[in-house]
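Working notes, structure below.
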Amino acid sequence: MIHTRGLARDYRAKKEIVTAVKGIDIDVEPGELVAFLGPNGAGKSTTLRMLTTSLRPSRGTATVVGHDVHTQAKRIRGKIGYIGQGNGAGHNHRILDELVDHGRFYGLSSAESKRRAGQLLENFGLTSQARRAIGTLSGGQRRRVDIAMGMMHRPKLLFLDEPSTGLDPQNRVNLAEEIGRLRSELGMTVFLTTHYLEEADQLAERVMIIDGGAVIAEGSPTELKATLAGDRIRIGLADEMAAKAAAVFVGEHLPTARETTVEDATLTTAVDNGEATLPKLLRGLDSVGLEARSASVRLPTLDDVFLSLTGRTLRDADQAAQTEGSQG
Ligand SMILES: Nc1ncnc2c1ncn2[C@@H]1O[C@H](COP(=O)(O)OP(=O)(O)OP(=O)(O)O)[C@@H](O)[C@H]1O
């Protein structure tokens, strides 16, 4: 469905060349749901815009639905759906008309277009607003109209750029349900970008983690967490000194432990098989006079995966990108 090799894009900014995407290889097979996860500025939108033919790659090759992005852009556009980050719909148009026109543009009959528009309006909780002008809607409502538009013609391949941004929790669920429906009815392939960990975790069968314009890991959320992150153990001790002594103990006696940190009186570390390791570790600490006041073990998240790979959490990386952006 999507195959790229060495796909790259440079931007010229203030006489400097910024390489936003640094030669990435992507393979997405029919029917897959793949999430591109990364912090602000990682290169997600740039990649998506190259794949949907709205931006020319600087280097590399890419085929989408069997066509070359360099030479067959029109054919690609006719076969895909693309829901970008901005508002695509016109301000004065009524929602229903906008959706029906969109369906007609993609070759649906008038009756089919109306039926489909009605169904999507209902799925996204917009039925009572159907005759309102798009310009009068709230940000979240407009986002839902954009998503409905991208789904009108039931594309075989749907690209969604940060689809959940601006949606409330109920509408995130509605979006996930609609994606699920289109996938089971049509075997639709979905490629979405997100910086919401929960979304990548719950929705995607495969996650590609992108940072600084390069794909740094990929796999199912379960695989990534199992191979890259490790279970997180947290132990509360009497005070900071005891927690630091416990960290030294972990370093000496638990060779597989990684990312051990101390904050106030709490020690955190990542290990394989946390449930079996925790009791042994507690006994070990006890034997050297370090008594735990509390202890817990939790399964890793995709944020832990990102932390293991980059030394930053996704949230920190987002904040850093925003600070950089506001200074630049
Ligand atoms: N038109 C442009 N001119 C110069 N630099 C750009 C341009 N568009 C994007 N960039 C830079 O390219 C890099 C990647 O941007 P991109 O929008 O692809 O990231 P992203 O992962 O989609 O981020 P976000 O989550 O914020 O949408 C960033 O450093 C960004 O500042």
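Whatever order the structure lists them in is the order used to number ligands and atoms, beginning at 1. Just so it is clear, the values below take in all heavy atoms, side chains as well, and ignore hydrogens, waters and symmetry mates.
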Any ion pair linking R154 and E112 (charged N to carboxylate O, less than 4.0 Å)?
yes
Need the ligand 1 atom indices (1-based, order shown) with element for anything under 4.0 Å from a heavy-atom of A42.
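It comes down to these atoms of ligand 1: 19 (O), 20 (P), 21 (O).
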Report, in ascending order of atom number, the atoms of ligand 1 lying under 4.0 Å from any heavy atom of E162.
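The list of qualifying atoms is 25 (O).
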What do we get for R12 next to ligand 1 when only non-hydrogen atoms under 4.0 Å count, side chain, backbone, both or neither?
neither
Look at atom [atom1] of [X] and say whether more than 12 heavy atoms of other residues, nucleotides or ligands are closer to it than 6.0 Å.
X: E29; atom1: CD; value: yes
X: R59; atom1: CZ; value: yes
X: E122; atom1: CD; value: no
X: R298; atom1: CZ; value: yes
X: R132; atom1: CZ; value: yes

For [atom], what is the closest protein heavy atom, and at what distance to 0.1 Å?
atom: atom 4 (C) of ligand 1; answer: Y11 CB, 3.3 Å
atom: atom 25 (O) of ligand 1; answer: K44 NZ, 2.9 Å
atom: atom 26 (O) of ligand 1; answer: N40 ND2, 2.9 Å
atom: atom 17 (O) of ligand 1; answer: S45 CB, 3.8 Å
atom: atom 27 (O) of ligand 1; answer: Q85 NE2, 3.2 Å

Is any N or O atom of [X], backbone or side chain, closer than 3.5 Å to an N or O atom of ligand 1?
X: G41; result: yes
X: V18; result: no
X: A20; result: no

Say whether [X] and [Y], considering side chains only, have a donor N or O and an acceptor N or O under 3.5 Å apart.
X: E259; Y: S308; answer: yes
X: K74; Y: H67; answer: no
X: D303; Y: T313; answer: no

Between T47, T46, L48, flag the one that comes closest to atom 16 (P) of ligand 1 by a heavy atom.
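Considering heavy atoms of T47, T46, L48, the nearest to atom 16 (P) of ligand 1 sits in T46.
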Is atom 31 (O) of ligand 1 touching the protein, meaning some protein heavy atom lies under 4.0 Å away?
no
Does atom 6 (C) of ligand 1 have a protein heavy-atom neighbour under 4.0 Å away?
yes
Does ligand 1 have any atom sitting under 4.0 Å from a heavy atom of P39?
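Checking ligand 1 against P39, which is what was asked, there is a heavy-atom contact under 4.0 Å.
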Does G43 reach ligand 1, in the sense of a heavy atom lying below 4.0 Å from it?
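Distance cut 4.0 Å: G43 passes for ligand 1.
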Which label fits H153 and H102: parallel for a plane angle under 30°, tilted from 30 to 60°, or perpendicular past 60°?
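H153 vs H102 ring planes: perpendicular.
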